[in-house]
Amino acid sequence: MTYVPCALTIAGTDPSGGAGIQADLKTFQELKTYGMSVITSVVAQNTTGVQDINHLSVAFIEQQLESVFSDMPVHALKTGMIANEAMMRAVAARLASVDAAYVMDPVMVATSGDSLIDEESRQFLKKELLPLTTIVTPNLPETEFITGRKIETTEDMKDAAAFIVDELHAGAALIKGGHLQGEAVDFLYDGHQIHMYSEERIPTKNTHGTGCTYSAAITANLSKGLPLHEAVRQAKRFVTAAIRSSFDIGSGNGPTNHWASRTKEEQRS
């Protein structure tokens, strides 16, 4: 039987296609991983912000999880938006018995500034979900919340990564420096050493869904058996290319280009 790498995303939707479940599945497809999804919330949003959110019932989320795990192989999975503690408890209960790499994108606030989860959920995420992760991928505002520390320098980023792993018991922490100036530098601490990933900073406002895309790319790479540091390295290149060739569509922060890493021949076909 041919081995097919399979990746699962557990997150909310984005009807405009740039973030959430839609961005994750596009990323899985581009990286030649079979993508599956469990939807937590149906979100009315676009490049300008979030207009409304409808949360699915916990029972239905549990049924989706059962449908996937009872029938399909899952070699790696990621979580994005999980809006409340009851949802998180259901996901945590399932993940505790799953033998697959787990990538957490700790989605708390949209690029537009709209809050996506409540305060109780933030605390549960920090205390109960983090210890289940293979890697967590916070941006700087998310890192500040998780650690309770102000992050202003690259040294702060490295210290925060170590704190999240050593004190909060995440498997690894990738601190993303998109909110700093200069090169786009991220730091991964895997419990043993710090890895640095640096790419050019792209001068564009079209960054809608970059966190979703980055974490989905890591998930896809882990599903194919890549070592963690290499999975992150390749994902960093993927998301940088997606931002470099982003789409200037919509009235707000436009979406990234998920097929930007294809060769010219592939893009023409």
Side-chain angles (χ1 to χ4, degrees), residues 7 23-24 27 30-31 76 78-80 101-109 111 126 130-131 133-204 206-207 209-246 256-258 260-261:
D24 294 342
T27 301
E30 287 301 315
L31 293 176
K78 65 158 286 189
T79 56
Y102 169 28
V103 179
M104 178 200 286
D105 179 12
V107 176
M108 298 177 184
V109 179
T111 301
K126 178 178 174 179
L130 267 180
T133 62
T134 301
I135 181 174
V136 59
T137 64
N139 59 29
L140 295 191
E142 291 161 349
T143 300
E144 290 181 342
F145 171 80
I146 291 171
T147 63
R149 302 175 175 183
K150 190 70 176 175
I151 310 297
E152 298 178 328
T153 68
T154 54
E155 287 304 312
D156 292 341
M157 293 170 64
K158 289 185 276 188
D159 289 343
F163 177 84
I164 290 172
V165 173
D166 295 338
E167 303 299 327
L168 301 181
H169 311 298
L174 176 70
I175 311 301
K176 300 177 296 188
H179 290 75
L180 294 182
Q181 300 299 315
E183 289 285 298
V185 179
D186 306 333
F187 292 98
L188 168 68
Y189 179 62
D190 60 9
H192 302 285
Q193 65 185 68
I194 292 281
H195 302 266
M196 184 180 79
Y197 306 89
S198 181
E199 295 284 348
E200 64 175 311
R201 184 176 298 277
I202 312 299
T204 179
N206 298 327
T207 57
T210 52
C212 304
T213 298
Y214 197 172
S215 58
I218 295 171
T219 306
N221 291 335
L222 289 175
S223 79
K224 295 187 285 189
L226 271 65
L228 182 60
H229 65 89
E230 180 64 16
V232 174
R233 185 185 71 82
Q234 292 191 23
K236 175 74 168 177
R237 290 185 176 179
F238 179 87
V239 75
T240 300
I243 296 170
R244 184 183 299 113
S245 300
S246 62
T256 64
N257 181 351
H258 291 91
S261 294

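This structure is a prediction, so every number in the text was calculated from the model and none was measured.
Contact annotation: the side chain of L130 approaches that of I146 to within less than 4.5 Å [non-hydrogen atoms, C-beta and beyond]. For the pair L140 and K176, the minimum side-chain heavy-atom distance is 4.5 Å or more. Taking the side chain as every heavy atom from C-beta outward, V165 and V136 never approach each other to under 4.5 Å. Counting heavy atoms from C-beta on, the side chains of E230 and N221 never come closer than 4.5 Å. Residues L188 and I135 have side chains in contact (heavy-atom distance under 4.5 Å, counting atoms from C-beta outward). Between D156 and K158 the shortest side-chain heavy-atom distance does not fall below 4.5 Å. Side-chain contact check for T207 versus T256: every heavy-atom pair is 4.5 Å or farther apart.
Expressed to the nearest 0.5 Å, how far CD1 of I218 lies from CG of L31 amounts to 11.0 Å. Rounding to the nearest 0.5 angstrom, the gap separating the CG atom in L174 from the CE atom in M157 is 8.0 Å. Expressed to the nearest 0.5 Å, how far OG1 of T143 lies from CD1 of I175 amounts to 3.5 Å. S198 contributes atom OG, which lies 5.5 Å from atom CE of M196 (distance to the nearest 0.5 angstrom). Note that the NE2 atom of H258 and the OG1 atom of T27 stand 4.0 Å from one another [nearest 0.5 Å]. Atom CD1 of residue I164 and atom CD of residue E142 lie 10.0 Å apart, to the nearest 0.5 angstrom.
Nearest heavy-atom pair across C212 and D24 is O-OD1, 3.2 Å. Across all non-hydrogen atoms, the minimal contact from T137 to D105 is OG1-CA, 3.6 Å. The two residues A260 and A241 come nearest to each other via the heavy atoms CB-O, 3.3 Å. Across all their heavy atoms, T134 and L228 have their closest contact at O-CD2, 4.4 Å. Residues T219 and K78 come closest through the heavy atom pair OG1-CB, 3.3 Å. Listed here is the closest heavy atom pair of F238 and S261: CD1-OG, 3.6 Å.
Not counting sequence neighbours, H169 has no partner by the ring-ring contact (aromatic ring centres under 6.0 Å, His included) test.
Residue pairs meeting the ring pair (Phe, Tyr, Trp, His ring centres under 6.0 Å) criterion with at least one partner in residues 214-237, sequence neighbours excluded, are H195-H229.
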Please walk me through it: do Y197 and R233 pass side chain to side chain contact (heavy atoms under 4.5 Å, CB included)?
CA-CA 7 Å; Y197 306 89; R233 185 185 71 82; 3.6 Å; yes

Salt bridge (charged side-chain N to carboxylate O under 4.0 Å, His left out) between D186 and K236, worked out:
CA-CA 9 Å; D186 306 333; K236 175 74 168 177; 2.8 Å; yes

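Counting only N and O atoms by type, the side chains of Y102 and T79 include a donor and acceptor under 3.5 Å apart.
Seen from the ring of F163, R149 counts as a face-on cation partner, given the 6.0 Å and 45° thresholds.
Not one N or O on the side chain of T213 forms a donor-acceptor pair closer than 3.5 Å with the backbone of T210. Under a 3.5 Å cut-off, the side chain of D159 and the backbone N or O of A162 do not form any donor-acceptor pair. Judged by distance alone, the side chain of N257 and the main-chain N or O of S246 form no donor-acceptor pair under 3.5 Å. Under a 3.5 Å cut-off, the side chain of E144 and the backbone N or O of I151 do form a donor-acceptor pair.
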